[in-house]
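Let me begin by presenting the structure, written as structure tokens, before commenting on it.
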Amino acid sequence: MSPRENILCVGLCCLDIVSQVSHFPKEDTDQRCLEQRWQRGGNAANNSTVLGLLGAKAAFLGTIADSHEKRFLLEDFAKYGVNTEQAVVCKGCECPSSCVILSRATASRTIIHSNKNLPELSVEDFAQVDLTPYQWIHFEGRNVANVAQMIKLVREHNKGLPRGEFITTSVEIEKAKPELEALIPLADVVFVSKDFAAFKGYSNKAETLERVKALAHPGAVVVCPWGEEGASACQGSGVMVHSPAFPPASVVDTLGAGDTFNAATIFALAHGSALEDSIRFGCRVAGAKVGVIGWEPMR
Ligand code: ADP
Ligand code: FRU
């Protein structure tokens, strides 16, 4: 194992404009919020933030618009120690952005996302990256045909290596999109969200793990976070393991809770921790995150 876990996160970086409100607004009203801020967002960007906070050697790979937000985004990655040397800057594009409403009353996070013209990362972009420094590559589930090819490239890379030096791959199946299912059989570790489970009609963590395990490759790890119910996971035909959630005194910001859980779980697994301990660590870190606004207080 490398002295520091060297983990590459592949996926989206966008701008989140986050408004904290006491109650979710009524339609067609005008009100002041408690607080509003710009925050770097996107699942892979958030994963790398958390890995940076935990002390991993984290890197982000994805496209970034060459628009006026670029400086804010790159400086913010740097603040968390995330390497962005591989990121692909795209000229003449608008930065994808999300308007996010965080309700204090219910702890909900409502996201309205826009992506006008930022291209997805291409297989050619990925093929140019020197994979040798990485112990682990995590893929956000999007851009499915390309990501499938990218995971295959990592597999090819592993073929020439002794087992102990294989790069582990993980994928996050989060959004309610049927095409994401094609990524399940490809990765060593599969994270499945409760939103995807609900979309498929799975009613709980156990059913989700059983169904996804049947699609995953034999021996793969499947992990399922489930909000206030914590998380469950299994590996191959092994027993299912569970962790409760670790709620903070007050839940103030659930934006990126799943991204935090996934990153912290990857960190623990990459460190050699057992599966049950790893999801417990994921739940602990995600529990701490939902108790603070953004990630700044965790630095
Ligand atoms: P997402 O952000 O994708 O909706 P989840 O809601 O499933 O993700 O949450 C991911 C993890 O974050 C959970 O497994 C849990 O550990 C933690 N978490 C989320 N909401 C809470 C909460 N209200 N209290 C404590 N932990 C939470
Ligand atoms: C949170 C998040 C936000 C972003 C949105 C994109 O998981 O990554 O930071 O705006 O999801 O879908």
Side-chain angles (χ1 to χ4, degrees), residues 9-19 37-50 60 62 69 72-73 76-77 80 95-115 118 120 138 140-143 172-177 180 191-199 202 204-205 208-209 223-233 241-266 268 276 278-295 298:
C9 302
V10 182
L12 179 72
C13 172
C14 66
L15 174 69
D16 288 349
I17 300 169
V18 186
S19 301
R37 66 183 188 276
W38 274 30
Q39 189 170 291
R40 174 171 49 81
N43 292 15
N46 293 338
N47 297 142
S48 67
T49 298
V50 175
F60 169 80
E69 296 89 349
F72 169 78
L73 297 172
D76 192 68
F77 271 121
Y80 290 86
C95 180
S97 61
S98 297
C99 287
V100 182
I101 298 177
L102 297 177
S103 162
R104 276 279 164 90
T106 62
S108 69
R109 96 291 180 253
T110 304
I111 303 174
I112 301 172
H113 185 67
S114 156
N115 190 345
L118 182 70
E120 293 285 352
H138 175 67
E140 182 179 333
R142 54 185 300 117
N143 187 20
E172 183 201 24
I173 309 297
E174 191 218 10
K175 304 258 184 305
K177 293 184 178 169
L180 292 181
F191 291 92
V192 193
S193 75
K194 65 179 187 314
D195 288 355
F196 184 80
F199 160 70
Y202 308 154
N204 54 45
K205 288 178 290 181
T208 306
L209 288 181
V223 183
C224 183
W226 206 276
E228 289 151 71
E229 287 184 33
S232 299
V241 294
H242 309 280
S243 167
F246 292 88
S250 161
V251 178
V252 293
D253 180 0
T254 53
L255 179 63
D259 303 333
T260 304
F261 169 83
N262 293 350
T265 302
I266 289 170
E276 187 171 359
S278 298
I279 61 170
R280 183 173 283 264
F281 183 70
C283 285
R284 277 192 192 282
V285 178
K289 193 268 148 286
V290 300
V292 297
I293 293 175
W295 280 279
M298 295 173 82

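Counting starts at 1 for both ligands and their atoms, in listed order. Computed from a prediction, not measured in an experiment: that's the story for all the values here.
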Quick one: look up the protein heavy atom nearest [atom] and list residue, atom name and how far away it is.
atom: atom 12 (O) of ligand 2; answer: Lys175 NZ, 3.2 Å
atom: atom 7 (O) of ligand 2; answer: Asp259 OD2, 2.8 Å
atom: atom 9 (O) of ligand 2; answer: Asp16 OD2, 2.6 Å

**Item:** Atoms of ligand 2, numbered as shown, that sit under 4.0 Å from any heavy atom of Ser98
**Value:** 4 (C), 10 (O)
**Request:** Run the numbers for me: atoms of ligand 2, each under 4.0 Å from some heavy atom of Gly41, listed by number.
**Result:** 9 (O)
**Request:** Using distance alone, decide if ligand 2 has a nitrogen or oxygen within less than 3.5 Å of any nitrogen or oxygen in Leu255.
**Result:** no
**Message:** Rounded at 0.5 Å granularity, tell me how far CD1 in Ile266 sits from CG in Asn47.
**Reply:** 6.0 Å
**Message:** Tell me every residue that passes ring-ring contact (aromatic ring centres under 6.0 Å, His included) with Phe72, counting only those two or more places apart in sequence or in another chain.
**Reply:** Trp38
What are the two closest heavy atoms between [X] and [Y], and how far apart are they?
X: Ile279; Y: Val241; result: CD1-O, 3.7 Å
X: Val292; Y: Met298; result: CG2-CG, 4.0 Å
X: Cys283; Y: Phe261; result: N-CD1, 3.6 Å
X: Leu255; Y: Arg109; result: CA-CG, 3.9 Å
X: Asn262; Y: Pro225; result: OD1-CG, 4.2 Å
X: Asp16; Y: Gly41; result: OD2-CA, 3.5 Å

Using a 4.0 Å heavy-atom threshold (strictly under), name the region of [X] that reaches ligand 2: side chain, backbone, both or neither.
X: Cys14; answer: side chain
X: Asn46; answer: side chain
X: Asn43; answer: both

**Message:** Quick check on side chain to side chain contact (heavy atoms under 4.5 Å, CB included): which of Thr208, Leu180, Leu209 does Val192 satisfy it with?
**Reply:** Thr208
**Request:** From atom 6 (C) of ligand 2, work out which of Arg40, Glu174, His113, Gln39 has a heavy atom at the shortest distance.
**Result:** His113
**Message:** Whether Arg37 and Asp253 form a salt bridge (side-chain N of Lys/Arg under 4.0 Å from carboxylate O of Asp/Glu) is what I want to check.
**Reply:** yes
Tabulated below should be the N or O atoms of ligand 1 paired with protein N or O atoms at under 3.5 Å; can you produce that?
residue  : atom   : partner : partner atom : Å
ligand 1 : 2 (O)  : Gly258  : N            : 2.9
ligand 1 : 4 (O)  : Lys194  : NZ           : 3.4
ligand 1 : 6 (O)  : Lys194  : NZ           : 2.8
ligand 1 : 7 (O)  : Gly227  : N            : 2.9
ligand 1 : 8 (O)  : Gly258  : N            : 3.4
ligand 1 : 14 (O) : Gly230  : O            : 3.0

**Request:** Please tell me if the side chains of Leu73 and Cys95 come closer than 4.5 Å, counting only heavy atoms from C-beta onward.
**Result:** yes
